[in-house]
Amino acid sequence: MNPQGEIKSLLTDGYIAWSFQNESAMQHFCSVLRKDTLPPLKPMSLPEREGLFLAVDHGPPPNIPPHISDSNGRDFWVLDRTVVSRGPVVPQMMPTPLTVSDVSGRSDLSDLQFPIFFEHLDGQLGLSLEAAAAGQCETLRNAHEYAQLGVWSTTHICIAWLGYDRFARQVRVRDVTPTHDPVTVATFAHRIGQFVDTFLTDCKPDPKCTSLDAQLWRIGDGGVQRSSVMIIGAVNPSAISWMPILQLTRQPSADYDRISDVRNRRIDWDAIFKLAS
């Protein structure tokens with residue numbers, strides 16, 4: 001297998017690849033690293049922390065502090081985390097990256113950020129939607145440290161849930177003090193939780209979506225319930241937006257039982273991309 005093929009195979013186990021497809025994940029990681037191709041990835045495990053870290057030890061832009069270190073003190077930057085076995089990851093469609101100049105006429109002063117994963121101090125990855133929406137985020141690792149969200153005072157949180165209209169809200173990610181400090185990890189998790197909670201209440205079916213897979217991810221009676229949603233983290237697909245990474249604690253619908261091998265079943269992305277074009 002060639003190096004890019006090995007990287008693609010490794011990424012298959014990551015949350016971002018499961019959420020947005022392998023090719024989109026690879027393109028996104030190249031954008032984050034400002035590279036044409038991905039450098040070698042290293043799967044790493046750390047004591048008492050769930051899942052593996054898919055990390056690089058070189059290539060990140062300058063001035064980005066390392067996320068983790070190995071037992072020898074070698075620094076690494078985390079691109080993804082392997083999926084923890086608890087339930088299916090919610091598939092979404094990552095939009096084509098936008099720059100600030102695309103929407104405001106200004107040059108893009110903001111680079112894409114590394115994904116943010118919400119991990120508790122005890123090593124458990126992700127928090128329940130109910131806890132996040134209620135602001136119960138104090139047990140997150142680095143809860144009171146600034147979230148690395150870029151230079152802008154506001155951003156858009158958006159979700160592209162299969163079978164539903166794209167949903168987005170603008171939120172403030174820097175405070176109104178003279179120094180315009182970024183919000184903390186706990187505050188960002190809370191705002192993500194509030195956003196997802198609002199989406200589940202206000203979402204509208206996409207009348208243009210004809211994908212048979214959409215019925216598997218329907219929301220409401222007989223489908224996905226608020227109590228089963230976990231927020232794993234967030235990914236930065238464009239300079240002006242973040243998308244939540246979501247996982248369920250149980251199957252999303254009764255129809256899901258008909259799928260014997262969910263892991264290897266391919267969402268009908270071709271039809272979905274045609275609708276989005």
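Residue numbers count from 1 along this sequence.
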Minimum heavy-atom distance V89-S19, with the two atoms named: CG1-OG, 3.3 Å
With R74 via side-chain hydrogen bond (donor to acceptor under 3.5 Å, both in side chains) - residues at least two apart: D57
Candidate pair I16 and R81, rule side chain to side chain contact (heavy atoms under 4.5 Å, CB included), full reasoning: CA-CA 8 Å; I16 296 176; R81 301 281 293 268; over 6 Å; no
Residue list, side-chain hydrogen bond (donor to acceptor under 3.5 Å, both in side chains) with N142, at least two apart or on another chain: none
Separation between SG of C158 and CZ of R169, rounded to the nearest 0.5 Å: 11.5 Å
ring-ring contact (aromatic ring centres under 6.0 Å, His included) between H28 and F20, intermediate numbers included: CA-CA 10 Å; H28 175 70; F20 304 107; 7.9 Å; no
Within the 6.0 Å centroid threshold, strictly below: F76 and H67: no
Test side chain to side chain contact (heavy atoms under 4.5 Å, CB included) applied to Q170 - qualifying residues, sequence neighbours left out: T154, H156
Flag, side chain of N236 to backbone of W242, donor-acceptor distance under 3.5 Å: no
Check: Y164 and I159 side chains under 4.5 Å, non-hydrogen atoms: no
Residues D122, E48; criterion side chain to side chain contact (heavy atoms under 4.5 Å, CB included); working and verdict: CA-CA 7 Å; D122 63 3; E48 300 181 357; over 6 Å; no
Flag side-chain contact, heavy atom, 4.5 Å: I232 against L246: no
D80 CG to L52 CG distance, which is reported to the nearest 0.5 Å: 11.0 Å
Sequence neighbours left out, cut at 3.5 Å: what donor-acceptor pairs do the side chains of residues 185-193 make with other protein atoms?
unit_1: T187; atom_1: OG1; unit_2: T184; atom_2: OG1; d: 3.1
unit_1: H190; atom_1: NE2; unit_2: A133; atom_2: O; d: 3.2
unit_1: H190; atom_1: NE2; unit_2: Q194; atom_2: NE2; d: 3.3
unit_1: R191; atom_1: NH1; unit_2: R172; atom_2: O; d: 2.2

Contact summary for Q148 and I116, nearest pair of heavy atoms: O-CD1, 3.9 Å
S228 side chain vs Q225 backbone, donor-acceptor pair below 3.5 Å: yes
Nearest heavy atoms of Y15 and T82, plus distance in Å: CE1-O, 3.4 Å
V229 side chain near Q247 side chain, heavy-atom distance below 4.5 Å: no
Pairs flagged by salt bridge (charged side-chain N to carboxylate O under 4.0 Å, His left out) wherever residues 137-151 is involved - sequence neighbours left out: E119-R141
Test item: L248 and V224 side chains (from C-beta on) under 4.5 Å apart, heavy atoms: yes
Linked, directly or transitively: V78 and L121 (ILVMFWY side chains, under 4.5 Å): no
Gap separating the CZ atom of R49 from the CE atom of M44, nearest 0.5 angstrom: 9.5 Å
Expected output: side-chain W77 to main-chain P65 donor-acceptor under 3.5 Å: yes
Contact check, side chains of V183 and L149, non-hydrogen atoms, under 4.5 Å: yes
Shared hydrophobic cluster, V56 / I68 (ILVMFWY, side-chain heavy atoms < 4.5 Å): yes
Interatomic spacing from OG in S128 to CD in Q136 - rounded to 0.5 Å: 7.5 Å
Test log, rule side chain to side chain contact (heavy atoms under 4.5 Å, CB included), inputs L33 and L79: CA-CA 9 Å; L33 295 172; L79 286 172; 4.0 Å; yes
Side chain to side chain contact (heavy atoms under 4.5 Å, CB included) involving S69 - partner list, sequence neighbours excluded: D75
Shortest non-hydrogen contact from A160 toward R166: CB-NH1, 3.5 Å
Derivation and outcome, side chain to side chain contact (heavy atoms under 4.5 Å, CB included), residues F118 and I231: CA-CA 8 Å; F118 300 134; I231 301 176; 3.8 Å; yes
side-chain hydrogen bond (donor to acceptor under 3.5 Å, both in side chains) partners for S227, two or more places apart: R250
Inter- and intrachain pairs under ring-ring contact (aromatic ring centres under 6.0 Å, His included), touching residues 120-147, at least two apart: none
Side-chain heavy atoms of D165 within contact of C203, under 4.5 Å: no
Plane angle bin for W217 and W161 - parallel if under 30°, tilted between 30 and 60°, otherwise perpendicular: perpendicular
Atom of A17, atom of A25 and distance for their closest heavy-atom approach: CA-CB, 3.8 Å
Set of salt bridge (Lys or Arg N to Asp or Glu O under 4.0 Å) partners for R86, sequence neighbours left out: E50
CE-CG distance between M26 and L41, expressed to the nearest 0.5 angstrom: 8.5 Å
Backbone of L112 reached by a side-chain donor or acceptor of R34 within 3.5 Å: yes
Test side chain to side chain contact (heavy atoms under 4.5 Å, CB included) applied to T198 - qualifying residues, sequence neighbours left out: F167, D202
Main-chain N/O of G223 paired to R218 side chain as donor or acceptor, under 3.5 Å: no
Pairs touching residues 224-234 that satisfy salt bridge (charged side-chain N to carboxylate O under 4.0 Å, His left out), sequence neighbours left out: E130-R226, D197-R226
Gap separating the CG atom of L38 from the CG atom of L54, nearest 0.5 angstrom: 11.0 Å
side-chain hydrogen bond (donor to acceptor under 3.5 Å, both in side chains) partners for T201, two or more places apart: none
Shortest non-hydrogen separation from D70 to K42 and the atoms involved: OD2-NZ, 4.3 Å
